[in-house]
Engineer: 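The following block contains the structure, expressed as structure tokens.
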Amino acid sequence: MQKVAAADAADAAAAEVLTGAEIVVRCLRDEKIEFIFGYPGGAALHIYDALYRQDEVKHVLARHEQGAAHAADGYARATGRPGVVLVTSGPGVTNTITGIATAYMDSIPMVVICGQVPRHLIGDDAFQEVDACGVSRPCVKHNFLVNDVSELALTIKKAFYIATTGRPGPVLVDIPKDVTAQTAPYRYPRQIRIRSYAPVHRGHPGQVRKAVQLLRDARRPMIYTGGGVVQSGGAAAAALTDLVRILGYPCTNTLMGLGAFPASDKLFVGMLGMHGTYEANMAMHHCDVLLAVGARFDDRVTGELSTFCPYAKIIHVDIDPSSIGKNVKVTVPIVGDAGKVLADMVAVLRGGGNGGAGGGNRHLGGWWKQIEEWRAVDSLHYDRGSALIKPQFVIEKLHEVTKGGAFVTSDVGQHQMWAAQFYNFDRPRRWINSGGLGTMGFGLPAAMGVRLGHPEATVCCVTGEASIIMCIQELSTCKQYDLPLKIINLNNRYMGMVRQWQEFFYDRRYSHSYMDALPDFVALAESFGHIGVRVERPGDVEGALVEAISDKDRLVFMDFITDQTENVYPMIAAGKGHHEMHLRSAAGGDGGAPAERELA
Amino acid sequence: MEERRRIISILMENEAGALSRVAGLFSARGFNIESLTVAPTEDSTLSRMTLVTDGDEAVIEQVTKQLNKLVDVVRLMDLTDDRHIQRELMLVKVEVTGEAREEVKRLVDIFRGNVVDVGETLYTVELTGAGDKLDAFLEALSPNRIVEVVRSGISGIARGGRALTVR
Ligand SMILES: Cc1ncc(C[n+]2csc(CCOP(=O)(O)OP(=O)(O)O)c2C)c(N)n1
Ligand SMILES: [Mg+2]
């Protein structure tokens, strides 16, 4: 502490005088920011000029501010480091709002710097003026308007500190143009303390011991984890894996939590929730002790709350106290970082001389027997003999061809669910999707951020023909920065997920869900300078994927013409419980009449 | 679960936008605000708010957790269940002609208020107290005499040694 303070004091003495714009860039450098994603405009021009005069912080020019925000978000999700966005005032910042809200809902660390009109014009309805703090307030963790250049560096430091600690989230810093022209001595604080903000790290040891005891005494235990385990860092996923294996208990992940526990492990029962597996949801429904870690009991996960986990005592570990007890009653609440609490639980388990597999729980055999019966229902089965390309088949093949090692981003719809169900993620941060806000248009720009963060990795974007159009302009960014993404367009000529709901719940009145007048995606990709491929027969799927994935230099846009009538199963209808899942009928695959059978 | 009226004291950074964060939180999450008062403290970097809301136990737990989650909130305290003092300031313009002049004056004395402005036909009365005392005063006046009412909303503080400070 003292050393740091002394160093800070020394910095102050040696401080260089810089303009506000230069201070912004130097702060980013000193924060060790590799990339910023942005789009210039009047109020940000001083900052853009300062960027021009250096080469340490690399700017990535998106083609729309929404794309810039999603790209920064994808970078953050894949690397664990904060994503940074730079935009101009007015339309620049309003265009980022969807991206900011997407990051906010999934608790992604992000700092958005936006230009503002000069201070003397604020409130004047000046050209390109919008109240950025007001507009963003409901979807940021915090925001700042910088009124004084001498507070700029400290404010940016605070922004990064708030964005990356506790429950992470986006922080917006609004900087009037005249502030970026003023000068001040530059000093970037090495550490700060904010008296009104003190995130908790460690869980209460007494609560941790209580939780472990409850887990040991369980007859039908279940472990359910979410995005918090992924966000907490690699150590958290490792600790979770240890914990689950020591106990020998079944584990399910939410849509946001996939990869935190290896999908290839027998103890994994698949994703839970609206499109979760039969075994995951049934095990949730019947469990007597539920350990929830870094998950927030979202409505797509719980289904009808009044019938949710009716027999379970619940242990809830979360870094955000407000998540605990929000939707369900909790027996053992633990506020703390997922990774640290999981490691503490593992230490208690090991310390208790109960370290063997299965944790010596004699009830486990019967419980697993029951779970295996549910698993045998094979709730993800689909028609493998179809003459049409089944979207699930494409994802299975993608997994095979990439050996499960790709980063997979996604948009929103049926394709997203199939990617989640069929890619079988074994590692955290590999599955990048907008779970909370459900933002169509996220997949392509997010993939750009992922690839910039992992320049050697295979990065795939599984998308649908409706979603991809929403940020299609980013194909141009991919060209400029040589990002050889692999786009897997599961083209069913429908807003498939909308069509599915209309089929099930609106008597097949397909109101505005048919995608008419679609572009020729192959020609479109080529017009942006990429490779486009159309795949129309199941027999061509593997070959197309092999060829695309083996091309290390070019972006390949694969347009898979899939079965239009395919639906995502299993499904829990809104307002139903985990035990009221719809499964595909054994005859399967026709996707026409509501052929699903209900198992209870 | 039983709905209860709650009085919550909040110590916040005295920053631009602090109030809108609290107000925005309540509207976004559908919580009720019965009243909200705010002003800087003796330390000009801090604002003190008193918030009156209602809800069952689960709602109030969320209200306090969500408030605590706001970066600008330094500390908060639910005063409801402990001994505390609530005060509200009210200014009332009352029509007073003829006999009513004396009658209203007597009423003001009973309620320990003050007449702070006197006109030919109007008194302006100042009254402080807990909300129900102010309500009672208004009830005691005949309604057609009341010209205008301004209430500050409730400010609260704990009794005894309990204090909401940064230290
Ligand atoms: C920005 C936005 N607008 C609307 C929606 C609602 N919505 C959810 S899925 C979907 C259809 C997506 O269609 P497509 O991308 O073709 O995917 P598919 O379901 O066909 O796989 C729509 C419109 C959304 N999630 N995001
Ligand atoms: Mg589609």
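Chain A is the first sequence line, chain B the second, and so forth, proteins listed ahead of strands; every chain is numbered from 1.
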Engineer: Between B:Gly17, B:Ser20, B:Gly24, who has the most heavy-atom pairs with chain A when the cutoff is under 4.5 Å?
Structural biologist: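 The answer is B:Ser20.
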
Engineer: Less than 4.5 Å to any heavy atom of chain A: does that hold for the side chain of B:Val73, its backbone, both, or neither?
Structural biologist: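 Only the backbone of B:Val73 comes within 4.5 Å of chain A.
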
Engineer: Heavy-atom distance under 4.5 Å to chain B: side chain of A:Arg195, backbone, both or neither?
Structural biologist: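 Both backbone and side chain.
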
Engineer: Just so I understand: if I count every heavy-atom pair under 4.5 Å between each of B:Met12, B:Glu15, B:Gln66 and chain A, which residue has the most?
Structural biologist: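 Sorted descending by pairs with chain A, the first entry is B:Gln66.
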
Engineer: Is chain B contacted by the side chain of A:Leu145, its backbone, both, or neither, given a heavy-atom distance below 4.5 Å?
Structural biologist: neither

Engineer: For A:Pro333, does its backbone N or O pair with a side-chain atom of A:Gln207 as donor and acceptor, under 3.5 Å?
Structural biologist: yes

Engineer: How far does NZ of B:Lys133 sit from CZ of B:Arg87, to the nearest 0.5 angstrom?
Structural biologist: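 Between B:Lys133 NZ and B:Arg87 CZ, I get 7.0 Å after rounding to 0.5 Å.
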
Engineer: What pairs meet the side-chain hydrogen bond (donor to acceptor under 3.5 Å, both in side chains) rule with one or both residues in residues 93-106 of chain B, with sequence neighbours excluded?
Structural biologist: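 Every side-chain hydrogen bond (donor to acceptor under 3.5 Å, both in side chains) pair that includes a residue of residues 93-106 of chain B, provided the two are not neighbours, is B:Lys105-B:Asp109.
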
Engineer: Which answer fits B:Arg21, side chain, backbone, both or neither, if we ask what part of it has an atom under 4.5 Å from a heavy atom of chain A?
Structural biologist: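 Both parts, backbone and side chain.
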
Engineer: Go through the atoms of B:Val166 and report whether side chain, backbone, both or neither lie under 4.5 Å from a heavy atom of chain A.
Structural biologist: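 Side chain only.
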
Engineer: Checking heavy atoms, do the side chain of A:Asn143, its backbone, both or neither come under 4.5 Å from chain B?
Structural biologist: both

Engineer: Tell me if a side-chain donor or acceptor on B:Ser152 pairs with a main-chain N or O of B:Glu88 at a distance below 3.5 Å.
Structural biologist: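 A pair under 3.5 Å: no.
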
Engineer: B:Arg6 pairs by side chain to side chain donor-acceptor pair (under 3.5 Å) with which of B:Thr64, B:Asp78, B:Asn32?
Structural biologist: B:Asp78

Engineer: For chain B, which of A:Pro321, A:Ser196, A:Gly166, A:Gly325 has the most heavy-atom pairs under 4.5 Å?
Structural biologist: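 Option with the greatest count: A:Ser196.
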
Engineer: B:Glu13 side chain to B:Val74 main-chain N or O, any donor-acceptor pair under 3.5 Å?
Structural biologist: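 No; zero donor-acceptor contacts below 3.5 Å.
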
Engineer: Going by the side chain to side chain donor-acceptor pair (under 3.5 Å) test, name the single residue among A:His316, A:Arg167, A:Arg296 that passes it with A:Ser323.
Structural biologist: A:Arg167

